[in-house]
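The shown structure was predicted, so the numbers you read here are calculated from the model rather than taken from an experiment. As the structure lists them, so they are numbered: ligands from 1, and atoms in each ligand from 1.
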Amino acid sequence: MISENRKSKTRVVVLFGGESAEHDVSCVTAAHVLRALDPQKYEVSTVGITRTGQWVHSELPQSADVKSLSAHGPATSANLVFESAPSAASLVVIPLLHGPMGEDGTVQGLLELAHVAYVGSGVLGSAVAMDKSIAKQIMSANGIAQQKFLTLRDTDDTNSAIDRAIKDFGLPIFIKPANMGSSIGVHKVKTRQEAIDALAKAFEYDEWVLVEEAVTGREIEVAVLGNESPRASVPGEIVPSHEFYDYEDKYIGDGAQLLVPAPLSAAEVTEVQQLAIKIYRTLRSDGMARVDFFYEKGKRGFLCNEINTIPGFTPISMYPKLWQASGVSYAELLDELIALALARHAKRRNKTSR
Ligand SMILES: Nc1ncnc2c1ncn2[C@@H]1O[C@H](COP(=O)(O)OP(=O)(O)O)[C@@H](O)[C@H]1O
Ligand SMILES: [Mg+2]
C-alpha cells in the first residue's frame, strides 16, 4: 500500500488554444480533458497559446471560458512547457491544437527538440496528414482508393486548371486549401465562375489548393489508436444537415447527425477498419488518428477523404465516441494515449542514444 502511494505521478501538460481558427474548439476540449485526467495518476498543468501566439500559464478550463485565455502576467514563451527539464522521464505533453501551427508538425518539432514526450503523431506523420495533397499522393502510390483530385499552387495557371478539372471531374467540384481543417475554405461549386471565385478564396488560406471531384456517398469515419500495432474502432457515420459537412454543421446549431456505430454489414466494417489501419501505417501516424472515408456502395466502395492526427476530442466528438462504442471510455482513452506517448518516446531515445 505504501509503495503504491509513493509511486510518482506522471506529469502531464495540457497544451491548448493556439493561433488557428480552431482556437475555441481547443479550449473546450481542454476543459473536458482536464476533468477526465485521473489526479491519482497524473500531476496536471496547463499551458495556453493565445490567438496571437503567446504561451501563457492558464488556470483555465473548468468551464469552457475561452476569454480567460489571455496573456495576463508576464509574456512567456514555449519555455513554459520545458522549464520542468528534459530529464523528466515521465513528462507528457498533450497537444490539443488543431490545424496549422499545432497539428502540422510544428509544435511536435519543438517538443522533439526539447526531448519531451507528447501524445499523437510525430513531426513527419503530423506534417504529412496536415497537407491533404501530399497525403493523397502517398496514398495513391500505395494503391489506396480516393476521389479524383488535382493540386494547384497559387502561381499556377489556375483558369486552365479549372477547365481541365471540369473536363475530367464534371460539375460540381470541391475546392479546398491543402492545409486546413473544420471545413474552413472548403467550397462545393457548380459553375466555372464559382470555381474561379472559390479558388481565390482557398488561396487566401494556403499556397496549395486541391480541386476534387464531388463524391456522392456516405461519410464513414474510423478511429485508430496505437503505435506499432494500431487498432481500429467501430466505424461511425456523419449525416450532414447542410449540402456538405461544413463549419456550421461541425460547431454551430443542431449540426450533423453522428451515427455510432455506422449502419454497415460485418464485412463492410472489417473492410473499412483494415483500410483505416493501412492508411494510418502508410502515413506514419502514431498514437491516434481519425480516418475519414466516402462510401460509394456498389461502385468504388470506400474512398479515403482524409486523415486527422488531432481529431475533435470533446466527449461528444466522433473520435472519443467511437472508442466509447468500442469499449474504451474517455478517461481510459487518455490513459492509453499517455502510455503510447511515453512508449514511443522511450523507444526513440534508445534508437538515438548518444
Ligand atoms: N470531394 C468531395 N466530395 C464530396 N464531399 C466532399 C468532398 N470533399 C469534401 N467534402 C465535404 O466537405 C467536408 C469537409 O471537407 P474535408 O476535406 O473533410 O475538409 P476538413 O479538413 O476541413 O474536414 C467533408 O466532410 C464532406 O462533407
Ligand atoms: Mg474532414
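- Of all atoms in ligand 1, numbered sequentially from 1 with element shown, those under 4.0 Å from a heavy atom of Ala214 are 3 (N).
- Nearest protein heavy-atom neighbour of atom 18 (O) of ligand 1: Glu306 OE2, 2.8 Å.
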### Query
Between Asp246 and Val186, does a side chain to side chain contact (heavy atoms under 4.5 Å, CB included) hold up when you go through it step by step?
CA-CA 8 Å; Asp246 60 10; Val186 177; over 6 Å; no
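- Defined by atom type and a distance below 3.5 Å, a donor-acceptor pair is missing between the side-chain atoms of Ser121 and Thr309.
- Nearest protein neighbour of atom 2 (C) of ligand 1, counting heavy atoms only, is Phe174 CD1, 3.4 Å.
- Going from atom OG of Ser233 over to atom CD of Glu221 covers 10.0 Å, rounded to the nearest 0.5 Å.
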### Message
As a quick check of understanding, evaluate side chain to side chain contact (heavy atoms under 4.5 Å, CB included) for Leu275 and Cys304, giving each step before the final call.
### Response
CA-CA 9 Å; Leu275 208 46; Cys304 183; over 6 Å; no
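- In this structure, the separation between CZ on Phe16 and OG1 on Thr29 is 10.5 Å, given to the nearest 0.5 Å.
- Ligand-side atoms of ligand 1 in range of Gln147: 1 (N), range being under 4.0 angstrom from any heavy atom.
- Of the heavy atoms in Ser182, only backbone atoms (N, CA, C, O) come closer than 4.0 Å to ligand 1.
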Pairs of donor and acceptor atoms involving the side chains of residues 163-176, under 3.5 Å and at least two apart or interchain, shall be tabulated with distances.
unit_1: Asp163; atom_1: OD1; unit_2: Arg192; atom_2: NE; d: 2.5
unit_1: Asp163; atom_1: OD1; unit_2: Arg192; atom_2: NH2; d: 3.4
unit_1: Asp163; atom_1: OD2; unit_2: Arg192; atom_2: NH2; d: 3.3
unit_1: Lys176; atom_1: NZ; unit_2: Glu212; atom_2: OE1; d: 2.9
unit_1: Lys176; atom_1: NZ; unit_2: Glu212; atom_2: OE2; d: 3.3
unit_1: Lys176; atom_1: NZ; unit_2: Asn305; atom_2: OD1; d: 3.4

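- Residue Asn305 places a heavy atom less than 4.0 Å from ligand 1.
- Ion pairing between Lys190 and Glu243 holds under the 4.0 Å rule for side-chain N and carboxylate O.
- Nearest protein neighbour of atom 12 (O) of ligand 1, counting heavy atoms only, is Phe244 CD1, 3.1 Å.
- Residues Val272 and Phe293 meet the side-chain proximity criterion, which asks for heavy atoms closer than 4.5 Å.
- The shortest separation from a heavy atom of Ser183 to ligand 1 is under 4.0 Å, placing the residue in contact.
- Between Tyr247 and ligand 1 there is no heavy-atom distance shorter than 4.0 Å.
- Set against the non-hydrogen atoms of Glu213, the atoms of ligand 1 under 4.0 Å away are 1 (N), 2 (C), 3 (N).
- Judged purely by distance below 3.5 Å, without hydrogens or angles, the side chains of Asp292 and Asn308 pair a donor atom with an acceptor atom.
- A cation-pi arrangement, defined by a distance under 6.0 Å to the six-membered ring centre and an angle within 45 degrees of its axis, is absent between Arg290 and Trp323.
- Counted by atom type alone, Asp104 and Thr106 present one or more donor-acceptor pairs between their side chains at under 3.5 Å.
- Those atoms of ligand 1 that come under 4.0 Å of a heavy atom in Val215, given as number and element, are 2 (C), 3 (N), 4 (C).
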### Task
Give the intermediate values and the outcome of side chain to side chain contact (heavy atoms under 4.5 Å, CB included) for residues Asp24 and Arg51.
CA-CA 10 Å; Asp24 294 1; Arg51 286 173 207 282; 2.6 Å; yes
### Task
Walk me through it: do Arg348 and Glu112 pass the test salt bridge (Lys or Arg N to Asp or Glu O under 4.0 Å)?
CA-CA 10 Å; Arg348 289 186 58 143; Glu112 290 286 345; 3.6 Å; yes
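- Residue Lys176 approaches ligand 1 through these ligand atoms, each under 4.0 Å from one of its heavy atoms: 8 (N), 9 (C), 16 (P), 17 (O).
- Ordered by chain and number, Glu306 OE2 make up the set of protein N, O or S atoms under 2.8 Å of the Mg ion (ligand 2).
- Among the atoms of Tyr245, some N or O lies under 3.5 angstrom from an N or O of ligand 1.
- A pairwise comparison of heavy atoms in His32 and Tyr330 identifies CB-OH, 3.5 Å as the closest pair.
- With hydrogens left out, the protein atom closest to atom 19 (O) of ligand 1 is Lys132 NZ, 3.3 Å, a heavy atom.
- The contact set between ligand 1 and Glu219, taken as ligand atoms under 4.0 Å from a residue heavy atom, comprises 24 (C), 25 (O), 26 (C), 27 (O).
- Close approach of ligand 1 to Lys250 is summarised as follows: ligand atoms under 4.0 Å from at least one heavy atom of the residue are 20 (P), 22 (O), 23 (O).
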